[in-house]
Asks: 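What follows is a structure written as structure tokens; I'll ask about it next.
These numbers were taken from a predicted model, which means no experiment stands behind them. First the proteins, then the strands, lettered A, B, ... as listed; each starts at 1.
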Amino acid sequence: MLRVENLHLAYGRVTALRGVSLAVEPGAMVSIIGPNGAGKTSLLGAIAGDVAAQSGRILFDGAELRGLPSDAIVRRGIALVPEGRHIFASLTVRENLTLGATIRADRAAARADIDRFLSIFPILRERAGQPAGRLSGGEQQQLAIARALLARPRLLMLDEPSLGLAPKIIDQVYDYLAEVRREGVAVLVVEQNAGRALAASDSIHVLNGGTVRLSGSGAEVMQHAGFDSAYFGVAL
Amino acid sequence: MQIIADAIALGGLYALTALGIGLIFGVMRLINFAHGDLIAASGYSLLIAAGRPVLAAVVLALLAAVVLALGTERLAFRPLRRADPASLLIASFAVSVFLEKLLIVFVDSRPKGVDFLPGLAAPVELFGVRLQQLQVVTIAVSAALLAGMTWLLRFTRIGLEMRAAAENFRMARLLGVRANRVIAAAFALSGVLAAAVTVLFVAQTGVVAPRMGLTLVVIAFVSTVIGGLGSLPGAALGGMLVGSTSMLLQAFLPDELRPFREAFVFLAVIVVLLFRPQGLLAARGLRERV
């Protein structure tokens with residue numbers, strides 16, 4: 001479904017990605033792990049059209065995405081929950097959800113989906129009319145995921161979904177991602193919380209210095225003799 | 001009552017201008033000083049339409065401001081959308097000077113009289129108070145437009161997208177909000193507001209000039225800063241406060257101090273910003289445009 005081939009991205013003289021390649025199949029969960037500055041966020045940003053890659057290919061169902069703006073890419077079926085959630089703090093919870101369905105022409109079905117998400121996340125239903133800025137971090141994460149899913153993506157990308165959340169809330173988030181997968185949505189997650197990603201994913205890519213150092217299933221990556229050097233950049 | 005009506009009328013005029021500036025700043029982080037030239041172009045449309053029915057003149061003024069607003073967005077500001085705010089500001093000055101010189105070359109640099117809606121100078125008695133009809137019309141039009149803008153922003157899809165874009169443009173695009181559509185809508189609305197200000201302003205002053213919008217825009221910009229840059233309710237509130245304060249100072253300052261009323265207004269602005277530098281209704285997240 002998604003194929004990233006030999007992707008290069010730089011911000012001026014600072015190189016973020018050096019020839020990254022990976023694939024995500026329908027319904028799969030793929031995690032990108034790595035230390036700060038590894039290029040994880042840049043990779044998701046390039047796929048979502050938020051930042052421009054200089055070379056390489058980003059193919060979604062065989063069609064090239066590189067060069068398309070982010071508002072066109074979400075229409076192709078890729079939604080991003082960025083790091084920090086970026087909910088619209090001054091808008092109500094319901095308005096945030098309505099914005100998630102911006103690209104949909106089926107307004108009645110979109111409203112029904114909003115109500116469905118409000119019943120899946122009861123705390124959001126309780127606060128539907130309140131400014132989203134009043135939600136806690138975990139509630140904001142729920143809102144950000146629900147908002148992204150309202151676009152009915154076939155690939156959901158999440159940047160650090162566990163960052164700043166309590167372990168119990170992280171479990172809830174990953175439980176919900178498992179449900180999303182069962183509905184056929186592929187999930188691409190960037191995580192520093194390597195343990196959580198390793199347990200939940202079909203495949204893992206260890207990114208460091210803008211390069212994929214190691215790839216495989218969770219067990220393969222964990223047991224690989226080069227994991228520490230791939231993750232930390234040095235042999236421990 | 002007369003003074004209060006004056007204060008509200010001037011406040012409404014500034015609020016409409018400030019809202020036009022605030023809309024564009026909200027979605028583009030552009031302080032559009034060319035907004036004053038929309039007012040001037042709209043004013044000259046009233047001059048061209050002199051002698052024709054009032055409705056035709058108003059429609060022509062509206063078309064001139066909206067078409068010019070959309071034209072400047074498409075030709076000047078869209079290519080610079082990724083530029084930093086300083087470059088955008090300089091571009092807006094350049095567009096403003098260009099449009100002003102066009103008016104001077106093709107029309108005249110001297111102010112011209114326009115006999116627009118002279119009947120509104122007549123008095124009218126309202127709740128036992130004699131007011132000028134023009135004051136009543138100005139207050140009514142300002143209130144209607146502010147209410148209309150509030151409705152549009154709160155209850156329509158494009159309004160929701162504009163509010164989202166004003167708070168976090170990058171995230172709005174990631175959700176599929178079309179940048180070109182939202183920004184063009186903001187420019188078109190700023191054109192509508194500029195035309196409304198022009199109609200009321202020309203009806204009051206009876207004069208058009210190439211730089212007629214400059215003072216209004218400078219005061220409107222100050223109003224948006226007081227209200228909170230990036231906050232649309234803040235822009236309207238700031239405009240209303242600056243206009244009302246200015247008119248109240250005009251009424252209550254001793255005669256020898258009246259020529260300096262603007263100095264008192266700006267002193268008040270400085271005091272407000274000392275205690276609340278983010279403005280009265282601070283905007284959420286001032287982020288880069290992409």
Asks: Given the options A:T102, A:T98, A:L150, A:V74, which has more heavy-atom pairs under 4.5 Å with chain B than any of the others?
Replies: A:T102
Asks: Please classify the contact between A:R76 and chain B as side chain, backbone, both or neither, with a heavy-atom cut-off of under 4.5 Å.
Replies: neither
Asks: Would you name the heavy atoms of B:G176 and A:R75 that are closest together and state the gap between them?
Replies: O-NH1, 2.8 Å
Asks: Against chain B, label A:A79 side chain, backbone, both or neither, depending on which of its atoms sit under 4.5 Å from a heavy atom there.
Replies: neither
Asks: Should we say atom CZ of A:R3 is surrounded by more than 12 heavy atoms from elsewhere, each under 6.0 Å from it?
Replies: no
Asks: Of the backbone (N, CA, C, O) and the side chain (C-beta and beyond), which part of B:R154 lies under 4.5 Å from a heavy atom of chain A, both, or neither?
Replies: backbone
Asks: Sort A:A101 into side chain, backbone, both or neither according to what part of it lies under 4.5 angstrom from a heavy atom of chain B.
Replies: backbone
Asks: Assess whether atom CD1 of B:I4 is packed by more than 12 heavy atoms of other residues, nucleotides or ligands within 6.0 Å.
Replies: no
Asks: Which distance, rounded to the nearest 0.5 Å, do you find between the CG of A:D50 and the CZ of B:R173?
Replies: 9.0 Å
Asks: Under 4.5 Å from any heavy atom of chain B, what part of A:I78 do you find: side chain, backbone, both or neither?
Replies: neither
Asks: Take atom CZ of B:R74 as the centre, draw a 6.0 Å sphere, and report whether it contains more than 12 heavy atoms from other residues, nucleotides or ligands.
Replies: no
Asks: Nearest 0.5 Å, what's the CG-CZ distance between A:L91 and B:R163?
Replies: 5.5 Å
Asks: Crowded around A:R116 CZ? As in, over 12 foreign heavy atoms under 6.0 Å?
Replies: yes
Asks: Going from CG on B:L174 to CZ on A:R147, what distance comes out if it is rounded to the nearest 0.5 angstrom?
Replies: 9.0 Å
Asks: Within the distance-only criterion (no hydrogens, no angle test), does the side chain of A:E95 pair as donor or acceptor with the backbone N or O of B:L160 below 3.5 angstrom?
Replies: no
Asks: Is a salt bridge present between A:D71 and B:R178, judged by a nitrogen-to-oxygen distance below 4.0 Å?
Replies: no
Asks: About how many Å separate CG of B:N168 and OG of A:S90, when rounded to the nearest 0.5 Å?
Replies: 10.0 Å
Asks: Output the distance between atom CG (A:L80) and atom CE (B:M171), rounded to the nearest 0.5 Å.
Replies: 6.5 Å
Asks: Looking only at non-hydrogen atoms, find the nearest pair between A:I87 and B:E167 and report the distance.
Replies: O-OE2, 3.9 Å
